[in-house]
Protein chains: 2
Amino acid sequence: MPDIPETPNRTIADVREAQDLLFFGYRDFTGAADVILTELGLGRAHHRALHFIGRTPGLPVSELLAVLRITKQSLARVLSELVARDYVAQVQGHTDRRQRLLRLTANGLALERRLFVRQRDRLANAYAQAGPVAVDGFRAVMRAIMDDSARDYIDGAARQDER
Amino acid sequence: MPDIPETPNRTIADVREAQDLLFFGYRDFTGAADVILTELGLGRAHHRALHFIGRTPGLPVSELLAVLRITKQSLARVLSELVARDYVAQVQGHTDRRQRLLRLTANGLALERRLFVRQRDRLANAYAQAGPVAVDGFRAVMRAIMDDSARDYIDGAARQDER
DNA sequence: GGATATATGACAGGGATGTTGACGTAGAAG
DNA sequence: CTTCTACGTCAACATCCCTGTCATATATCC
């Protein structure tokens with residue numbers, strides 16, 4: 001069947017390559033912050049929590065759970081540690097007082113900043129090397145790979161950044 | 001300092017967005033195969049091993065360790081299980097008989113194929129939606145994010161694909 | 001050929017991160 | 001007032017990773 005326009009072989013190689021790209025890219029990008037995390041006795045789970053709390057200050061626990069897609073218990077361990085170490089503050093919700101709205105403390109902001117800088121350096125290099133057109137393509141592909149709900153979340157967070 | 005060409009605010013938003021893109025994209029792409037893995041009682045570690053063995057048949061254990069960047073012991077557990085279940089075969093090296101060269105069995109090929117298809121469907125959609133220019137950009141950015149050694153590995157694997 | 005290095009396997013023990021399930025409390029909502 | 005929701009917590013366990021150590025077979029160097 002040589003008359004099929006989209007050859008299976010090409011697709012196969014594309015997918016294999018994409019698996020590699022995502023594996024190595026994700027590994028090395030997230031790994032950039034590991035030095036600091038290890039030094040502080042924290043893990044990537046802590047970093048993820050810090051990131052999303054820093055990104056959306058005042059978000060309730062339930063929303064963080066939905067974003068991370070882990071169970072309440074998994075988050076509780078990480079979160080209680082971050083609160084105990086004064087990286088994260090919980091304040092009671094105003095409209096719904098059952099909620100604990102999460103935000104970074106000054107301490108947490110400083111740590112998140114340190115972690116951020118490591119990843120920024122790697123990313124800034126990559127973006128500069130690849131060029132703005134490639135960056136747009138990168139965005140488009142990553143957005144198309146993820147679930148709709150994740151895309152919506154990113155768009156919501158971007159709107160908040162503009163304020 | 002409004003005369004700085006590259007404004008920090010733009011960079012910050014870019015990096016935050018990239019963190020999100022990589023987190024959600026990686027999560028949902030790898031998650032695509034989870035249904036099958038869970039059903040078989042396997043984990044993502046098994047999938048990663050299957051992927052790289054399938055990609056480079058006949059690779060020695062040491063090379064797989066270098067690619068995955070985990071310890072021998074972590075791999076041993078995964079690998080011995082894959083061998084026990086007849087997904088992976090080990091054959092003694094020809095030039096160096098200390099080596100155990102790894103390759104997928106027929107069984108392993110079939111499983112890897114099943115896992116592959118899940119990710120292929122998601123990726124094919126994403127690539128089609130984003131367009132070929134975006135895909136090139138995606139490649140360029142991901143390659144620039146990762147370590148040199150990872151880039152080299154991918155290029156080596158691509159050369160093998162052409163055979 | 002003997003010393004040394006390498007590739008792999010295996011065991012002990014531990015830590016981070018995730019899971020399910022059950023229970024309790026405060027507050028919202030009907 | 002009853003029911004639902006948001007959250008915290010505890011027990012028990014699975015997965016995947018780690019360090020450190022020892023053993024074995026084979027290569028390689030002198």
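The chains referred to below are lettered A, B, ... by the order of the sequence lines, with proteins before strands, and numbering in each begins at 1.
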K.L.:
Please examine the side chains of A/R27 and B/I145, heavy atoms only from C-beta on, and report whether any two atoms are closer than 4.5 Å.
P.N.:
no
K.L.:
Once you apply a heavy-atom cut-off of 4.0 Å, does A/S62 come out as touching a base, just sugar-phosphate, or nothing?
P.N.:
sugar-phosphate
K.L.:
Would you indicate which nucleotide in C/dG27, D/dT26, D/dC18 comes nearest to any side-chain atom of B/Q92?
P.N.:
D/dT26
K.L.:
Closest approach to the side chain of A/A45, judged atom by atom: which nucleotide of D/dT19, C/dT17, D/dA27 is it?
P.N.:
C/dT17
K.L.:
Does a distance-only test, which skips hydrogens and angles, find a donor-acceptor pair under 3.5 Å between the side chain of B/Q73 and the base of C/dG13?
P.N.:
no
K.L.:
Ring of B/Y127, cation from B/R122 - is the NZ or CZ under 6.0 Å from the centre and inside 45° of the axis?
P.N.:
no
K.L.:
Given atom CG of A/D34 and atom C1' of C/dT17, what is their separation to the nearest angstrom?
P.N.:
14 Å
K.L.:
Is the distance from OP1 or OP2 of D/dC17 to the nearest side-chain N or O of B/T71 less than 4.0 Å?
P.N.:
no
K.L.:
Touch check for A/E63, heavy atoms < 4.0 angstrom, all strands: base, sugar-phosphate only, or nothing?
P.N.:
nothing
K.L.:
Return the value, rounded to whole Å, for the distance between atom CG of B/L82 and atom C1' of D/dC16.
P.N.:
14 Å
K.L.:
With respect to the phosphate group of C/dA16, does any side-chain polar atom (N or O) of A/H46 fall under 4.0 Å of OP1 or OP2?
P.N.:
no
K.L.:
Which part of the nucleic acid, if any, lies within contact of A/T95, taking any heavy atom under 4.0 Å across all strands shown: a base, the sugar-phosphate backbone alone, or nothing?
P.N.:
sugar-phosphate
K.L.:
Between the base of D/dG8 and the side chain of A/R100, is one N or O donor paired with an acceptor at under 3.5 angstrom?
P.N.:
no
K.L.:
Does C/dA16 have OP1 or OP2 sitting under 4.0 Å from an N or O in the side chain of A/R77?
P.N.:
no
K.L.:
Could you state the atom-to-atom distance from CD1 of B/I70 to P of D/dT19 in whole Å?
P.N.:
12 Å
K.L.:
Distance alone, cut at 3.5 Å: any donor-acceptor contact between the side chains of B/Y26 and A/T30?
P.N.:
no
K.L.:
Of all the choices, D/dT26, C/dA28, C/dT19, which nucleotide is nearest to the side chain of B/D96 once you look at every atom?
P.N.:
D/dT26
K.L.:
Assign B/E81 to base, sugar-phosphate, or nothing according to its heavy-atom contacts below 4.0 angstrom with the strands shown.
P.N.:
nothing
K.L.:
Taking the cut-offs as 6.0 angstrom to the six-membered ring centre and 45 degrees off its axis, would you call A/R151 and B/F24 a cation-pi pair?
P.N.:
no
K.L.:
If I take atom CG in residue A/L75 and atom P in nucleotide C/dT19, what distance separates them, rounded to the nearest angstrom?
P.N.:
10 Å
K.L.:
For A/L79 and D/dA6, give me the distance from atom CG to atom P, rounded to whole Å.
P.N.:
17 Å
K.L.:
Can we say B/R143 and B/D155 salt-bridge, meaning some charged N sits less than 4.0 Å from an Asp/Glu carboxylate O?
P.N.:
yes
K.L.:
In whole angstrom, what separates B/L68's CG from C/dT8's P?
P.N.:
13 Å
K.L.:
Just the rounded figure in Å: distance from C1' of D/dC7 to CG of A/L101.
P.N.:
12 Å
K.L.:
According to a strict under-4.0 Å criterion, is A/S74 in side-chain N/O contact with OP1 or OP2 of C/dT19?
P.N.:
yes
K.L.:
Between P on C/dG9 and CD on B/Q99, what's the gap in Å once rounded to a whole number?
P.N.:
11 Å
K.L.:
Would you say A/R98 reaches C/dG24's phosphate, i.e. side-chain N/O to OP1/OP2 under 4.0 Å?
P.N.:
no
K.L.:
A/R44 or A/H94: which one's nearest nucleotide on DNA chain C is closer to the 5' end?
P.N.:
A/R44
K.L.:
Check whether the side chains of A/D20 and B/H51 place a donor and an acceptor atom closer than 3.5 Å, and report yes or no.
P.N.:
yes
